[in-house]
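First comes the structure, then the notes that go with it.
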Amino acid sequence: MRGLLKRILLVALLSHGLAACGGLVPAASPGVKAVQAPTAREPMASPVAKSQIATPVAANPVATVMGENALKLGVSQGPAFSSFKVSDAAARRGLLSFRASCAALVKRKDLSGLAQGSDWAPACAAAKTTSEGDARAFFEQNFEVVQVGDGKSFATGYYEPEIEGARTRSDKYNTPVYGRPPELVDVDLGEFSDTLKGKKIRGKIVGNRFVPYADRAEIEGGALAGRGLEIAWVADPVAFFFLQVQGSGRLRLPEGGVMRIAYDGQNGRDYTGIGKLMKERGLLAPGKATMQGIVEWLKANPQEGEKIMRENRSWVFFRELTGPGPVGALNVPVTAQGSVAADPMFVPLGAPVILSMDRAEPSGLWVAQDTGGAIKGSNRFDTFWGSGDDAAVLAGGMAAHGSAFLLLPLGSLARLITP
């Protein structure tokens with residue numbers, strides 16, 4: 001086993017180097033590269049909501065620097081919390097989301113380097129006894145606003161889709177939804193080398209070798225069939241493809257009711273956004289480079305569409321969710337218009353975030369409760385809008401630029417900038 005672990009590490013190191021050369025951040029996909037966290041969401045462009053233009057609060061001007069996490073990138077003092085127009089509703093959502101995150105936040109190893117679990121304990125204790133009516137005061141009194149790097153932010157959106165599905169297979173429902181296979185192994189490379197902290201790979205052990213797990217084409221070709229891993233079946237493989245991109249969703253059952261499914265792992269293969277591929281190949285007519293246009297093309301060209309979808313080798317596994325949800329990377333339910341996905345190398349998961357963007361909709365107070373394979377780097381966020389048609393419209397058209405600020409426990413900035 002020791003020899004096997006050494007080979008796993010060697011492959012990971014080589015893969016890490018190749019990814020860096022290609023400008024890729026090791027994330028949830030590599031056959032033997034780095035794992036995508038929990039899913040890579042492809043920003044959807046249609047249908048779209050009419051944008052409400054806003055003027056972002058300017059970030060502090062800083063020299064451009066590089067850093068593998070927030071601490072090395074550098075932090076500076078941000079504007080006072082009171083300078084942001086945080087609505088009472090957003091403050092209440094933020095309080096409830098932060099309170100729900102505390103159990104994980106105080107125990108979680110912080111990869112950003114900004115705060116340890118114990119640093120959050122006073123704010124978490126205060127959150128337990130704060131009424132929703134005092135939510136704004138809670139954030140003003142228990143946190144300080146800081147800027148990571150240049151503070152320049154880009155935000156997209158995601159939502160919880162609903163598609164047709166069933167618990168048993170039939171002629172109509174014949175596309176399987178697989179639960180996590182027991183042989184799928186996650187390897188935390190940080191346990192082998194400090195230089196690989198925050199990096200993971202996924203695969204399986206065959207004999208004395210650690211090998212890549214089956215990719216999308218192999219799984220669709222029957223690699224997992226007949227093993228009893230199916231937790232449901234869906235009617236539309238294209239709709240299921242995009243549900244996998246989102247990472248969770250609802251199955252509308254034929255007998256009535258809904259089955260909610262949540263992310264339960266990924267095969268470790270690279271995520272590829274097919275929308276970009278289709279645009280580069282000239283497959284989408286003018287005005288059709290939208291979610292609806294992509295789906296329309298895939299269904300009008302099923303054989304070619306299947307091949308293009310298989311170029312995204314990533315496959316997401318699910319579990320049935322019987323409680324509140326969907327569940328984010330902290331294993332707590334995410335909140336519509338209150339939770340964002342972020343890169344944990346730059347944002348402590350569970351930390352409150354203020355977005356001040358060129359669109360009014362994403363501007364305000366959020367809590368970082370999720371991650372995403374496409375959500376990488378400083379000040380990159382994916383805003384969660386819930387489920388239903390309105391959420392799909394908002395998430396589908398979300399592409400906002402502006403400034404981002406973190407709320408850290410009082411005293412954090414002085415500790416971080418002291419030589």
Side-chain angles (χ1 to χ4, degrees), residues 37-38 69-71 75 78 81 84 86-146 148 197-198 247-248 262-263 321-355 364-372 375 381-384 386 404-416:
N69 68 2
L71 180 62
V75 297
F81 180 85
F84 298 97
V86 176
S87 68
D88 290 339
R92 288 194 295 270
R93 288 193 296 267
L95 172 62
L96 296 176
S97 296
F98 177 76
R99 185 187 293 164
S101 301
C102 275
L105 180 59
V106 298
K107 296 178 181 178
R108 187 178 179 88
K109 185 177 181 179
D110 178 29
L111 300 176
S112 74
L114 298 180
Q116 298 306 311
S118 58
D119 297 332
W120 298 95
C124 285
K128 291 181 180 179
T129 59
T130 300
S131 67
E132 293 182 32
D134 294 328
R136 285 178 57 87
F138 165 76
F139 288 105
E140 290 181 352
Q141 296 168 7
N142 290 277
F143 300 94
E144 55 190 18
V145 182
V146 304
V148 175
K197 285 183 178 179
S248 65
Y263 175 90
L321 186 66
T322 56
V327 174
L330 283 178
N331 201 32
V332 298
V334 292
T335 302
Q337 301 183 51
S339 300
V340 291
D343 186 341
M345 298 300 291
F346 296 91
V347 180
L349 289 188
V353 175
I354 294 178
L355 298 182
L365 180 67
W366 303 79
V367 176
Q369 294 181 303
D370 206 357
T371 57
I375 313 306
F381 297 97
D382 206 18
T383 53
F384 178 63
F405 304 92
L406 303 186
L407 299 188
L408 295 181
L410 293 175
S412 296
L413 184 60
R415 172 175 52 80
L416 293 170

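Values in this document were obtained by computation on a predicted structure and should not be read as measured data. Heavy-atom basis, side chains included; hydrogens, waters and symmetry copies ignored.
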Query raised in the report: Restricting to pairs with a member in residues 90-103, which pass salt bridge (Lys or Arg N to Asp or Glu O under 4.0 Å), not counting sequence neighbours?
Result: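 Found none.
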**Report entry** Residue pairs, two or more places apart or on separate chains, that pass salt bridge (Lys or Arg N to Asp or Glu O under 4.0 Å) and touch residues 323-333
**Finding:**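 Qualifying pairs: none.
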Distance, nearest 0.5 Å, that separates [atom1] of [X] from [atom2] of [Y]:
X: Met345; Y: Asp110; atom1: CE; atom2: CG; answer: 9.5 Å
X: Asp343; Y: Asp382; atom1: CG; atom2: CG; answer: 12.5 Å
X: Arg415; Y: Gln116; atom1: CZ; atom2: CD; answer: 7.5 Å
X: Cys102; Y: Lys107; atom1: SG; atom2: NZ; answer: 12.0 Å

Query raised in the report: Can you name the nearest heavy-atom pair linking Asp370 to Ala329, along with the distance?
Result: OD1-N, 3.2 Å
Query - For the student: nearest non-hydrogen atoms of Thr335 and Ser97, plus distance - result: OG1-OG, 3.1 Å
Query raised in the report: Looking at Phe81, Phe138, Phe405, which hits ring pair (Phe, Tyr, Trp, His ring centres under 6.0 Å) with Phe143?
Result: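 Exactly one pass, corresponding to Phe138.
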Report task. For the pair Phe381 and Leu355, evaluate side chain to side chain contact (heavy atoms under 4.5 Å, CB included) and give the outcome as yes or no after the intermediate values. Result -> CA-CA 9 Å; Phe381 297 97; Leu355 298 182; 3.6 Å; yes
**Report entry** Residue pair Glu144 / Leu407, side-chain heavy-atom distance below 4.5 Å
**Finding:**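 A side-chain contact is absent here, since even the closest heavy-atom pair is not under 4.5 Å.
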Query raised in the report: Any side-chain heavy-atom pair from Leu408 and Leu416 closer than 4.5 angstrom?
Result: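 Yes. Closest side-chain heavy atoms under 4.5 Å.
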Report task. For Thr129 and Ala126, indicate whether the former's side chain and the latter's backbone hold a donor-acceptor pair under 3.5 Å. Result -> yes
Query raised in the report: Does the side chain to side chain contact (heavy atoms under 4.5 Å, CB included) test come out yes or no for Leu321 and Val327, once each step is laid out?
Result: CA-CA 9 Å; Leu321 186 66; Val327 174; 3.8 Å; yes
Query - Val145/Leu406 under side chain to side chain contact (heavy atoms under 4.5 Å, CB included): CA gap, chis, key distance, verdict - result: CA-CA 6 Å; Val145 182; Leu406 303 186; over 6 Å; no
